[in-house]
2 protein chains.
Amino acid sequence: MNAKTTTVSKSKPFTDLQALNQAAECLRTLAHPHRLRMIQMLLRGRYTVGELAEACQIANHMASEHLRLMQRCGFLTNLKEGRKNYYQVAEPHLAQIMHCIETRFDANNQ
Amino acid sequence: MNAKTTTVSKSKPFTDLQALNQAAECLRTLAHPHRLRMIQMLLRGRYTVGELAEACQIANHMASEHLRLMQRCGFLTNLKEGRKNYYQVAEPHLAQIMHCIETRFDANNQ
DNA sequence: TAAATATATCGTAACATTACGATATGTCAA
DNA sequence: TTGACATATCGTAATGTTACGATATATTTA
């Protein structure tokens with residue numbers, strides 16, 4: 001009937017409710033336009049709170065909160081240098097997931 | 001670790017705010033444990049509202065609402081057969097995205 | 001036609017998320 | 001030490017999401 005016509009191969013569905021909840025929580029953290037933008041930038045380099053805020057056109061303290069959220073669920077780590085705080089990607093799966101999302105939503109590819 | 005080390009390559013970051021909003025909206029739709037479970041099932045076959053509800057241990061009318069949400073953002077389509085309503089996956093990128101999520105969160109792979 | 005079944009919709013209460021001004025902390029330079 | 005800068009935290013109003021009982025629709029069976 002169904003199944004596996006594509007490249008997708010070895011992963012298993014997690015029946016485990018705890019895994020489902022965890023996955024949902026991480027996806028919720030991902031599911032915000034400014035946070036997506038920040039992750040896209042951080043996958044290509046490291047940036048300060050202020051630089052990310054400017055790119056998203058939001059106040060610095062808002063950027064700071066988004067970054068804290070993403071750090072909490074393990075997406076990012078930070079490194080303070082003087083009064084600047086550099087964030088970078090810590091979760092190795094993020095690149096792959098963002099790649100999926102980018103190929104799906106980039107207007108040029110549609 | 002596993003396959004697909006090659007895949008991350010050609011996608012571009014979408015500066016476009018509209019694309020970011022769209023992506024965020026779809027991710028929000030994905031970001032619910034019951035909806036994730038339903039998508040996992042539907043990637044492997046087609047099921048009725050009642051079957052999905054039972055698998056998630058929720059009331060039928062709740063399952064119905066989750067399915068409607070996922071249909072709205074293009075993840076699913078439905079096919080009525082008598083009084084049953086079969087849902088199936090319509091968005092081809094879902095398999096790949098779920099694969100990413102499954103490899104990240106399956107307890108057995110941790 | 002009436003009852004049973006499967007699904008969908010509505011109204012709403014409970015809860016979560018977001019944005020943002022105000023304020024606090026830590027760092028540097030004069 | 002003072003002032004400016006970069007970032008973080010708090011309180012809260014506005015908004016969005018979820019769950020769920022009640023009810024509606026559509027289909028099959030008796």
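Within every chain, numbering begins at 1; the chains are lettered A, B, ... in the order of the sequence lines, protein sequences first and strands thereafter.
In this entry the distance linking CZ of R72(A) with P of dT9(D) reads 8 Å, nearest Å. For the pair N78(A) CG and dA6(D) C1', the interatomic distance rounds to 13 Å; values are reported in whole Å. One can place CE of M38(A) at 11 Å from P of dT7(D), the figure rounded to the nearest angstrom. We find that NZ of K84(B) is positioned 6 Å from P of dA6(C), with the value rounded to whole Å. As a whole-Å value, the separation of Y47(A) OH from dA6(D) C1' is 19 Å. Between the C1' atom of dT7(C) and the CD atom of E54(B) lies a distance of 16 Å, rounded to the nearest Å. Atom pair N60(A):CG and dT27(C):P shows a separation of 18 Å (rounding to whole Å applied). Whole-Å rounding puts the H66(A) NE2 to dT9(D) P distance at 15 Å.
Ion pairing between a basic and an acidic side chain is recognised when a charged N comes within 4.0 Å of a carboxylate O; R37(A) and E51(A) show no such pairing.
Sorted by first then second residue, the ring pair (Phe, Tyr, Trp, His ring centres under 6.0 Å) pairs that include residues 65-92 of chain A, not counting sequence neighbours, are H32(A)-H66(A).
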>> With side-chain contact (heavy atoms from CB on, under 4.5 Å) as the criterion, how do H34(A) and L52(A) come out once you've worked through the C-alpha distance, each side chain's angles and the decisive distance to 0.1 Å?
In response: CA-CA 9 Å; H34(A) 295 151; L52(A) 294 164; over 6 Å; no
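With sequence neighbours excluded, the residues satisfying salt bridge (charged side-chain N to carboxylate O under 4.0 Å, His left out) with R68(A) are E65(A). Every residue was checked against the side chain to side chain donor-acceptor pair (under 3.5 Å) condition with Q57(A), not counting sequence neighbours, and none meets it. In this structure R46(A) satisfies the salt bridge (charged side-chain N to carboxylate O under 4.0 Å, His left out) test together with E81(A), sequence neighbours excluded.
Between R68(A) and dA8(D), a side-chain N or O to OP1/OP2 separation shorter than 4.0 Å is absent. Considering only side-chain N and O atoms, S64(B) lies nowhere under 4.0 angstrom from the phosphate OP1 or OP2 of dT7(C). Side-chain N/O atoms of T48(A) include none lying less than 4.0 angstrom from OP1 or OP2 on dA6(D).
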> What string of B, S and - do you get for nucleotides 22-30 of chain D, 5' to 3', when a contact is any protein heavy atom under 4.0 Å?
Replying inline: B----BB--
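A side-chain donor from one of Q40(B) and E102(B) sits under 3.5 Å from a side-chain acceptor of the other.
Taking OH of Y47(A) as the start and CE of M41(A) as the end, the distance is 4.5 Å to the nearest 0.5 Å.
Within the nucleic acid shown, Y87(A) comes within 4.0 Å of sugar-phosphate atoms alone, with no base atom in reach, counting heavy atoms only.
Of the candidates dT9(C), dA19(D), dA8(D), the closest approach to any side-chain atom of N85(A) belongs to dA8(D). Of all nucleotides listed (dT7(C), dC20(D), dA19(C)), dC20(D) comes nearest to the side chain of M62(B).
Side-chain contact between H93(A) and I101(B) is absent, with no heavy-atom pair separated by less than 4.5 Å.
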Any N/O pairs under 3.5 Å between the protein and nucleotides 11-17 of chain C? List them or say none.
unit_1  : atom_1 : unit_2 : atom_2 : d
dT17(C) : OP1    : R28(A) : NH1    : 2.7

